[in-house]
Amino acid sequence: MKNKIITLLGLVLCLSLVSCTNWTQRPSQSVQEDQAQEENAIKEIDDYLESQKEDQDEPEDITEPDSLEVIPIEEALPEEDTEISVPENEPETFQVEAFSARMYASRSLNVRSGPSTEYEKLGSLSQNQEVQVTGKASTGWYQIEYGDTLAYVSDRYLVETQVVVEQAPVEVVVENETPVVVSASYSAEDAAAVVALVNLDRAAYGLSELSTTAELTNAAMKRAEEAYSYFSHTRPDGTSCFTVFDEYGVVYQYAGENLAWGQRTAEEAEEDWMNSEGHRANILTAEFNHIGVACYIGPDGIKSWVQLFSD
């Protein structure tokens, strides 16, 4: 716009100069015509400049853009924590060969929902309890009718005839004590062998020998019979193993119990105990002065071993 205005002003000056120049050379009539033309030209220039000034004062029409529709963009939310389910170890698959027979429990034993100790315990059978066998699993366990369901027991403890338990009394001689009358289901020889092995192991560690007492020996025999069918430091009635000390009149400040099951000889039982940290600690406890040992032999010939210690 500035360039245009400067150019038009230059044109007015030129016209003025021309008029002045021509005015001295033309007659009066021509001068009047020239003056009229000049005035017209100036008027046109003024009109043009005025129009340009109005154009500058008036703001240009601004076309506002149509309002934009804002489309929200959802943020990518993190995935929720996923709980990872680790499958439990599934019991091994098995097959059952069906057959039918009436059999008897040779001892107290557990009844389970499947043919191995990995399955849930459903209950138990008592010695000489009759059961209906419906098959044998590929794991070797018998399938039986147990109430309204099928269950499984170890094939080691079902026999075809009831077990006759001999109860002929024998006399067990305990060192420096009165004789103890026990059932023929106990092995006095195995018990005495364990006592000797315990004292040999203690001597190797510079510890004093343990002597037997009638009270501890009787208590050990009771626990051996209990542990044969209920292998636990908890007694079948739910009480602690140490209640047997009170039951048989054992006075003590320090006491301990070791259990073993299935070992064929005293040497095997003592070796297993000495190879176990907790059992070895009982055998080698310096505060103990007395011991009672029992070996109970079940109707199936399996042995249950117990050591009881006191100060």
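In what follows, residues are counted from 1 in the order of the sequence shown.
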Exercise. Answer with yes or no whether the hydrophobic clustering places Phe309 together with Leu197; edges join I, L, V, M, F, W, Y residues whose side-chain heavy atoms lie under 4.5 Å apart.
Key: no
Quiz item: Can Asn110 and Tyr152 be said to form a side chain to side chain contact (heavy atoms under 4.5 Å, CB included), step by step?
Solution: CA-CA 9 Å; Asn110 293 328; Tyr152 299 84; over 6 Å; no
Quiz item: CG/Asp190 to CD/Glu267 distance, rounded to the nearest 0.5 angstrom?
Solution: 8.5 Å
Quiz item: Can you tell me how far the CD1 atom of Ile291 sits from the CG atom of Asn289, to the nearest 0.5 Å?
Solution: 11.5 Å
Self-check item: Any donor-acceptor pair under 3.5 Å from His290 side chain to Thr212 backbone
Solution: no
Quiz item: Between Asn258 and Gln307, is there a donor-acceptor pair closer than 3.5 Å when you use the side chain of the first and the backbone of the second?
Solution: no
Self-check item: Set of side-chain contact (heavy atoms from CB on, under 4.5 Å) partners for Glu120, sequence neighbours left out
Solution: Ser113, Leu122
Quiz item: Between Tyr186 and Glu225, do the side chains contain an N or O donor and an N or O acceptor separated by less than 3.5 Å?
Solution: yes
Quiz item: Is there a donor-acceptor contact under 3.5 Å from the side chain of Thr139 to the main chain of Ser116?
Solution: no
Quiz item: Taking all non-hydrogen atoms of both residues, which atom of Val133 and which atom of Tyr142 are closest, and how far apart?
Solution: CG1-CD2, 3.8 Å
Quiz prompt | Gln132 side chain to Ser100 side chain, donor-acceptor N/O pair below 3.5 angstrom | solution = yes
Exercise. Could you tell me the separation between the CD atom of Glu287 and the CG atom of Leu207, rounded to the nearest 0.5 Å?
Key: 9.5 Å
Practice problem: Kindly check if the number of other-residue, nucleotide or ligand heavy atoms within 6.0 Å of NZ (Lys222) is above 12? | Solution: no
Self-check item: Pairing residues for Ser232 by the side-chain contact (heavy atoms from CB on, under 4.5 Å) criterion, not counting sequence neighbours
Solution: Tyr230, Thr234
Self-check item: Parallel, tilted or perpendicular: ring planes of Trp261 versus Tyr228, cut at 30 and 60 degrees
Solution: tilted
Quiz item: Is it the case that more than 12 heavy atoms not belonging to Gln95 sit under 6.0 Å from its CD atom?
Solution: no
Exercise. Spell out, yes or no, whether Phe99 and Leu158 are grouped together once hydrophobic residues are joined by side-chain heavy atoms under 4.5 Å, including indirect joins.
Key: yes
Quiz item: Mind checking what makes side chain to side chain donor-acceptor pair (under 3.5 Å) contact with Glu268, not counting sequence neighbours?
Solution: Arg264
Quiz item: Is it the case that one hydrophobic cluster holds both Tyr205 and Val198, taking links as side-chain heavy atoms less than 4.5 Å apart, direct or via other members?
Solution: yes
Self-check item: Shortest non-hydrogen contact from Leu259 toward Phe231
Solution: CB-CE1, 3.8 Å
Self-check item: Donor-acceptor contact present, side-chain Arg112 to main-chain Tyr119, <3.5 Å
Solution: yes
Exercise. Of all the heavy-atom pairs spanning Val293 and Thr217, show the shortest one and how long it is.
Key: O-CG2, 4.2 Å
Quiz item: Backbone N or O of Arg156 within a donor-acceptor pair of the Trp141 side chain at under 3.5 Å?
Solution: no
Quiz item: Applying the 4.5 Å side-chain criterion to the ILVMFWY set and letting contacts propagate, would Tyr254 and Ile283 be lumped into a single cluster?
Solution: yes
Quiz item: Closest approach of Thr134 and Ile144, non-hydrogen atoms and distance?
Solution: OG1-N, 4.1 Å
Quiz item: Donor-acceptor pair, Gln143 side chain versus Ala151 backbone, under 3.5 Å?
Solution: no
Quiz item: Any chance the side chains of Asp272 and Gln263 put a donor and an acceptor closer than 3.5 Å?
Solution: yes
Quiz item: Would a distance-only check, ignoring hydrogens and angles, find a side-chain to backbone donor-acceptor pair under 3.5 Å from Thr243 to Ser240?
Solution: yes
Quiz item: Looking at Glu257 and Arg223, does any basic side-chain N land under 4.0 Å from a carboxylate oxygen?
Solution: yes
Quiz item: Would a distance-only check, ignoring hydrogens and angles, find a side-chain to backbone donor-acceptor pair under 3.5 Å from Asn199 to Glu209?
Solution: no
Quiz prompt | Side-chain (Arg235) to main-chain (Phe242) donor-acceptor, under 3.5 angstrom | solution = no
